2 protein chains.
Amino acid sequence: MKSAHQDVGNQFDSTALLRSVNLRPTRQRKALAELLLRHGDRHITAELLHEEALRAGVKISLATVYNTLHQFVDAGLLRELVVDSGRAYFDTNTSHHHHFFDEDTGALMDIPGDAVAVGSLPHAPNGRQISRVDVIVRVRKDDA
Amino acid sequence: MKSAHQDVGNQFDSTALLRSVNLRPTRQRKALAELLLRHGDRHITAELLHEEALRAGVKISLATVYNTLHQFVDAGLLRELVVDSGRAYFDTNTSHHHHFFDEDTGALMDIPGDAVAVGSLPHAPNGRQISRVDVIVRVRKDDA
DNA sequence: TCAATAATTTAGAATTATTTTAATGAAAAA
DNA sequence: TTTTTCATTAAAATAATTCTAAATTATTGA
């Protein structure tokens, strides 16, 4: 039998995590943090995460999923990826790395380690500084 | 006085260009080809190109601008860029090069020559082949 | 040259992803 | 607790793009 407390057996302390980035540990934010960060690296859209939360029995609106994802990005818990226009992907891996993007399926994959090396960057124009370098390796079905 | 023929003094033959890629040289397609390809490299959105066409006195609908941009991409006359989710940019430079993206202003700039070198690419997963490698160097106002 | 055919354009409706609004509910501070 | 502040939500609003079906225009072949 399940205990009466809402202990779902999460392996990390989402409350502490949220507190550490100055976000109130609400039911919704804890649930999303657990869905997103419990497992290893994930690439997900707001829409899909919302569906996943609902399937997991979490009552949450799509607007809150959007809000929360953006707050997580601001807090450095997630990184936002732009690979096809029209939808935003969120990546739970915030360390420096690049991506494969499958043009046929829309799937995103991390490129392992430093398998991509960007040599010699140009310097940024006028009063600008480089904030990030994104490398997207687009792949598609082999025509062979 | 202007001649009675519709000779607007374009420096290249848009009709021939369109024919060469199997697109009928309609009034609208010729006008867009001229706006896009007359000058050097451009990065533009459908919305902005539409406004520019209207300002130039070309009667054309936004739907046609979208259709035409995609046809030009398919024909290899343009390249579509994805840099911020929500809007698509089209680049008149179809040769191999990369981009700066100014996160503050939304401006795109070509990165000159081979100022960016991508060393060692990983090979594509399973039955996939690499179709393109995009490098986007995101810049923002200097915090200094 | 001209009708017949096929391709293109268009206005407007529809779609998709996302953001905003204004009201209600929950967490932190007093 | 009570108050204050922050978060959530449903629903409406917005933005970019695509679709639809009708009207127009380009090309082809007599």
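In what follows, chains are A, B, ... by sequence order, proteins preceding strands, each numbered from 1. Here the structure is a predicted model, which means the values were calculated and not measured.
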Taking atom P of C/dG25 as reference, at what distance in whole Å does atom CD1 of A/Ile60 sit?
18 Å
Sequence-aligned protein contact record of nucleotides 11-30 of chain D, with B where the base is within under 4.0 Å of a protein heavy atom and S where only the sugar-phosphate is:
-----SBBB------BS---
Could you state the CG-C1' distance from B/Leu18 to C/dT9, rounded to the nearest angstrom?
15 Å
Checking B/Thr68 against B/Gln28: is there a side-chain donor and acceptor pair closer than 3.5 Å?
no
Using atom CG of A/Asp74 as one end and atom P of D/dA7 as the other, report the distance to the nearest whole Å.
12 Å
Using modelled atom types only, decide if a donor and an acceptor are shared between the side chain of A/Arg19 and the backbone of A/Pro25 within a distance under 3.5 Å.
no
Which nucleotide in C/dT10, D/dA7, D/dT9 has an atom nearest any side-chain atom of A/Arg29:
D/dA7
Rounded off to whole Å, could you give me the CG-to-C1' distance for the B/Asp84 and C/dA17 pair?
13 Å
Donor-acceptor side-chain pairing of A/His99 and A/Asp134 below 3.5 angstrom
no
To the nearest angstrom, the CG-P distance between A/Leu54 and D/dA10 comes to 10 Å
Heavy-atom donor-acceptor pair, A/Ser14 side chain to A/Glu34 backbone, under 3.5 Å:
no
Are OP1 or OP2 of D/dT9 and a side-chain N or O of A/Ser61 less than 4.0 angstrom apart?
yes
Go through the steps to decide whether B/Phe72 and B/Val21 satisfy the test side chain to side chain contact (heavy atoms under 4.5 Å, CB included), and finish with yes or no.
CA-CA 9 Å; B/Phe72 284 10; B/Val21 296; over 6 Å; no
Whole angstrom is fine here: how far is it from CG in A/Leu23 over to P in D/dT5?
19 Å
Between A/His70 and A/Tyr66 (side chain of the first, backbone of the second, donor and acceptor by atom type, cut-off under 3.5 Å), is there such a pair?
yes
